[in-house]
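Throughout, a chain's letter reflects where its sequence line sits, starting with A, and its residues are numbered from 1.
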Amino acid sequence: MKVCLKDIADFIGGIITGDEKIEIKNLAKIEEAEPGDLTFLYLPHYDKYFPSTRASALLVKPGFNKSRNDISYIEVSDPNKAFFKLVRKFFSPSFPLEGIDNTAFIHPDAKLGDNVAVGKNVVISEGCRIGSNVKIFHNTVLLQDVEIGDDCLIFQNVSIRENCRIGNRVIIHPGTVIGSDGFGFEPDDNGRVHKIPQIVNVIIEDDVELGSNVSVDRASIGSTIIKKGVKVDNLVQIAHNVVIGEDTIISAQAGISGSTRVGKNCFILGQVGLTGHIEIADNVILIAQSGVSKSILKAGTYFGYPAKDIKTAYKLESHIRNLPVYAKKISELENEINYLKTLTDKKPSE
Amino acid sequence: MKVCLKDIADFIGGIITGDEKIEIKNLAKIEEAEPGDLTFLYLPHYDKYFPSTRASALLVKPGFNKSRNDISYIEVSDPNKAFFKLVRKFFSPSFPLEGIDNTAFIHPDAKLGDNVAVGKNVVISEGCRIGSNVKIFHNTVLLQDVEIGDDCLIFQNVSIRENCRIGNRVIIHPGTVIGSDGFGFEPDDNGRVHKIPQIVNVIIEDDVELGSNVSVDRASIGSTIIKKGVKVDNLVQIAHNVVIGEDTIISAQAGISGSTRVGKNCFILGQVGLTGHIEIADNVILIAQSGVSKSILKAGTYFGYPAKDIKTAYKLESHIRNLPVYAKKISELENEINYLKTLTDKKPSE
Amino acid sequence: MKVCLKDIADFIGGIITGDEKIEIKNLAKIEEAEPGDLTFLYLPHYDKYFPSTRASALLVKPGFNKSRNDISYIEVSDPNKAFFKLVRKFFSPSFPLEGIDNTAFIHPDAKLGDNVAVGKNVVISEGCRIGSNVKIFHNTVLLQDVEIGDDCLIFQNVSIRENCRIGNRVIIHPGTVIGSDGFGFEPDDNGRVHKIPQIVNVIIEDDVELGSNVSVDRASIGSTIIKKGVKVDNLVQIAHNVVIGEDTIISAQAGISGSTRVGKNCFILGQVGLTGHIEIADNVILIAQSGVSKSILKAGTYFGYPAKDIKTAYKLESHIRNLPVYAKKISELENEINYLKTLTDKKPSE
């Protein structure tokens with residue numbers, strides 16, 4: 001990369017203060033930037049790096065105190081957004097996987113679209129149908145009758161079991177498992193449990209991204225469905241028969257139990273757990289580590305275990321922090337009442 | 001599938017109301033059922049789908065209000081159980097893996113029983129012994145001296161390290177790792193830690209099922225043991241030297257730390273964490289996300305962090321929800337006492 | 001193994017009581033030991049196995065009550081440490097992987113040091129550089145330009161994406177993924193989110209060990225860095241741009257969100273969650289399941305969610321357990337005040 005600061009400002013619609021002719025060689029974090037780098041400031045607690053950053057140019061919000069004059073500035077309303085627009089423009093990664101590797105196994109019955117790249121030791125079983133412009137990396141396994149749309153990126157060591165359906169522009173990171181058996185058992189009268197066959201599939205719609213080491217289970221009846229635009233981080237558990245609504249975001253290590261339905265545009269933060277057979281409305285935010293044991297039918301932000309709306313949760317948390325004060329007060333009141341009692345007890349005898 | 005309703009009722013021991021001659025083509029969830037489908041009702045919050053379901057027949061409990069007469073009903077004492085009996089009868093999945101693939105590596109010294117199917121790129125190392133009727137899917141790796149019993153199903157991309165022993169009728173889902181090193185280190189006097197060799201193995205007894213992306217560690221002394229009939233969901237951590245008692249069920253993302261012993265017939269729900277070197281009695285239920293830092297020596301249900309018996313936990317939770325009330329009351333009492341004090345203080349001067 | 005007890009005592013610097021000539025055949029846990037085995041006692045709750053252990057010899061602390069005389073004893077100041085010194089001396093595992101397997105793919109452009117062992121179906125892509133004395137087990141995939149130092153052990157089914165750099169003496173367990181894309185998205189004005197390219201890499205320094213099924217993400221700017229001597233247990237999430245300080249230990253299923261910096265010599269216990277963009281000082285201990293939503297700038301032990309210093313957390317927990325008492329007391333005080341009020345109300349009319 002070698003771009004003149006003026007061209008960058010024009011591209012992101014920003015206003016330069018400083019030398020518009022300098023050449024930017026790289027994008028970097030403010031604390032790691034070198035001369036020639038462009039960086040950005042948006043979260044206040046990174047301001048501390050401003051006095052010492054070695055960056056040549058800085059994206060800042062309008063009104064930023066441009067106190068150093070050895071740096072050029074571009075003022076732009078959302079420096080974060082502008083920065084990632086630049087990342088996308090100048091650094092979009094390409095993956096040098098081309099053609100069908102001769103160590104891959106593709107069942108003669110499987111159908112592949114145009115421009116499909118298949119890595120080493122990949123297994124594409126009977127009845128699979130793959131769209132166009134798909135890359136499937138090394139050692140990934142598709143069991144029979146798996147369907148994959150166009151423009152997908154399936155990384156290495158991914159496992160997709162039989163009959164699962166993947167939409168277009170889906171990205172699946174390494175180690176992820178689609179369509180393992182739902183955790184469904186029936187107890188007998190002797191306290192032993194018996195497996196319920198998990199015979200249906202997982203449906204992953206368009207524009208979904210699944211992180212690494214994610215598990216998505218199939219069910220005994222009905223599909224597990226991850227709807228359009230959903231983004232799932234690493235190590236997430238999605239149980240059998242779960243339905244995740246469009247554009248919902250699920251952070252790392254969250255877990256959603258069987259038959260639960262999550263609405264659209266929800267944001268489920270890290271390590272959140274949802275019990276089974278509940279419903280979460282659209283536009284619900286669940287703060288990290290929350291535990292949800294009942295349906296949430298109203299949009300809003302929820303927190304804690306059991307999860308409460310955030311105002312209640314914060315109020316209770318501040319009461320909990322006050323408990324030592326309350327305890328002390330109760331014992332003081334006790335003393336005062338005892339004292340008052342001695343007074344009033346004495347009164348009659350006066 | 002095409003089965004007459006009467007044959008279904010006979011098979012599950014139920015009583016028909018409606019047309020016993022209709023043909024059932026599929027089993028489905030009540031909200032997704034199509035004409036020709038059989039479905040079931042058992043959890044009350046699915047009742048809302050009853051008025052609109054398109055199913056042709058419905059498994060219900062005796063006494064169900066059969067208000068729609070365009071549907072046939074089978075009354076049966078446990079519709080859930082009956083339904084899965086049907087799933088098992090008519091839909092048990094088969095896996096079309098046969099024979100030893102020629103891309104698999106089987107060490108000449110390894111011993112395989114009858115009717116073993118080995119997928120592509122599987123590695124079966126020196127000294128391995130595999131029973132009969134075992135299927136090992138693509139890209140799975142067994143290091144040396146692994147033992148596997150009869151009738152096992154080992155899915156793709158599974159890793160089993162040296163010396164581990166797997167019983168009969170064991171199912172292991174993709175991405176699961178058996179026998180990785182226990183997390184054992186020793187600090188030296190400079191605050192650096194040094195690895196303790198983890199030299200023993202993992203023993204998995206008969207009828208165990210392990211979900212996808214599970215980790216089960218080996219120890220430096222003594223085996224990690226998962227006893228008969230244990231079922232483990234996805235993304236569970238089982239540390240070195242842990243012993244899990246017979247028929248215990250462990251839900252997704254739970255974690256059990258080193259040297260902890262869990263009893264028989266326990267039910268450990270999702271995201272529960274157990275510290276190391278403790279004991280859990282038989283028949284203990286740990287509610288989701290609980291954290292257990294001490295041994296639990298009595299059967300029962302426990303909840304919270306630190307985990308308490310469920311009655312105590314629920315009582316404390318309701319007290320916590322009452323904290324705003326208590327705080328208000330304390331301050332009211334304070335006011336009243338102050339008022340009483342002014343009265344009594346005045347008294348003497350009256 | 002067959003070692004005379006005297007040689008063992010000399011090696012660990014201990015003092016024998018009993019028969020110094022007996023031959024030790026194996027090391028074992030106290031509750032599982034057989035005649036001929038050496039075991040050890042260090043945690044008090046294992047004392048219960050002392051009366052019944054079948055071990056021939058026992059490592060104990062000085063002053064231990066050696067009440068059984070059918071056992072030989074070695075007194076040593078730290079029996080635990082001494083025991084693992086023996087494990088290391090007599091049982092260090094070796095891994096019988098040698099040479100480059102002919103099913104492995106090694107790009108002609110990749111550079112391998114001396115004495116590198118590469119297992120079956122391994123993929124080593126263009127531009128990779130591997131040091132000496134490295135073992136890479138079966139079905140592991142390195143994408144392009146991955147660098148690995150000397151004396152590393154990379155187990156099977158590991159995925160390392162492009163450009164990641166691994167130091168010397170690093171151990172990576174099966175199923176672990178290095179360099180999957182950070183979870184970075186930008187919302188547009190319609191509530192849909194768009195991927196931010198994650199173009200940098202993961203740097204893992206010397207003497208790091210990563211457990212099985214771990215996920216370590218790459219970032220859009222700046223590297224994700226795991227510094228010298230860090231030990232990471234199974235199923236841990238390390239997000240984009242995280243920096244983990246030297247010799248920090250992270251237990252199973254913990255998760256560290258994007259751009260968070262953890263100090264040196266920290267100990268993060270199981271299932272702990274850290275939010276993004278915070279800093280954790282050196283020498284911080286985070287008790288299991290804690291949730292950290294703000295920077296911790298002072299060494300110490302922290303617990304709970306939100307995490308508090310341990311003294312505060314324990315005090316609050318004991319107040320919570322006292323809530324039923326407080327509630328009862330409040331209502332008693334209320335009654336007493338009401339009674340006092342009737343007295344004082346009456347007073348004027350007396």
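- Here the side chain of B:Gln253 pairs a donor or acceptor atom with the backbone of A:Leu235 at under 3.5 angstrom.
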Check step by step if salt bridge (charged side-chain N to carboxylate O under 4.0 Å, His left out) holds for A:Glu186 and B:Lys81. CA-CA 7 Å; A:Glu186 259 189 323; B:Lys81 216 164 194 157; 5.4 Å; no

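- Using modelled atom types, one finds no donor on one side chain facing an acceptor on the other under 3.5 Å when comparing B:Tyr326 with A:His319.
- A side-chain donor-acceptor contact under 3.5 Å links B:Asn213 to the backbone of A:Val214.
- A pairwise comparison of heavy atoms in A:Ala254 and B:Gln271 identifies C-NE2, 4.0 Å as the closest pair.
- The side-chain heavy atoms of B:Tyr46 and A:Ser259, taken from C-beta on, include a pair separated by under 4.5 Å.
- When side chains are defined from C-beta on, A:Glu126 does not count as touching B:Pro96, because their heavy atoms never get closer than 4.5 Å.
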Side chain to side chain contact (heavy atoms under 4.5 Å, CB included) between A:Val123 and B:Asn121, worked out: CA-CA 9 Å; A:Val123 177; B:Asn121 312 314; 4.3 Å; yes

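- Looking at A:Phe183 and B:Ser251, their side chains come closer than 4.5 Å, going by heavy atoms from C-beta outward.
- Using a distance-only test at 3.5 Å, with no hydrogens or angles considered, a donor-acceptor pair links the side chain of B:His45 to the main chain of A:His277.
- Side-chain contact check for B:Phe40 versus A:Ile221: some heavy-atom pair is nearer than 4.5 Å.
- Of the possible donor and acceptor atoms, one in the side chain of B:Arg88 sits under 3.5 Å from a partner among the backbone N and O of A:Lys195.
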Between B:Lys231 and A:His194, does the side chain to side chain contact (heavy atoms under 4.5 Å, CB included) criterion hold? Intermediate values first, please. CA-CA 10 Å; B:Lys231 313 297 181 195; A:His194 301 278; over 6 Å; no

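- The two atoms that bring A:Val177 and B:Pro174 nearest to each other are CG2-O, 3.5 Å, heavy atoms only.
- With hydrogens and angles ignored, the 3.5 Å screen pairs no side-chain donor or acceptor of A:Gln289 with any backbone N or O of B:Gln289.
- A heavy-atom distance below 4.5 Å is found between the side chains of B:Lys29 and A:Asn241.
- With A:Tyr305 contributing its side chain and B:Ala288 its backbone, the two residues share a donor-acceptor pair below 3.5 Å.
- Looking at A:Glu332 and B:Glu334, their side chains never come closer than 4.5 Å, going by heavy atoms from C-beta outward.
- The only option from A:Leu333, A:Val325, A:Asn322 that meets the side-chain contact (heavy atoms from CB on, under 4.5 Å) definition with B:Ile330 turns out to be A:Leu333.
- The backbone N or O of A:Ser215 lies less than 3.5 Å from no partner atom in the side chain of B:Asn234, so there is not a single donor-acceptor pair.
- Residues A:Leu143 and B:His138 are in side-chain contact: their nearest non-hydrogen atoms beyond the backbone lie under 4.5 Å apart.
- The choice from B:Ala327, B:Ser331, B:Gly229 that makes the most heavy-atom pairs within less than 4.5 Å of chain A is B:Ala327.
- Using a 4.5 Å heavy-atom threshold, the side chains of B:Phe84 and A:Ser220 count as touching.
- Contact of A:Phe185 with chain B is made through the side chain alone, with heavy-atom distances under 4.5 Å.
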Let me see the working for B:Asn157 and A:Asn139 under side-chain hydrogen bond (donor to acceptor under 3.5 Å, both in side chains), right down to the final yes or no. CA-CA 8 Å; B:Asn157 289 323; A:Asn139 290 1; over 6 Å; no

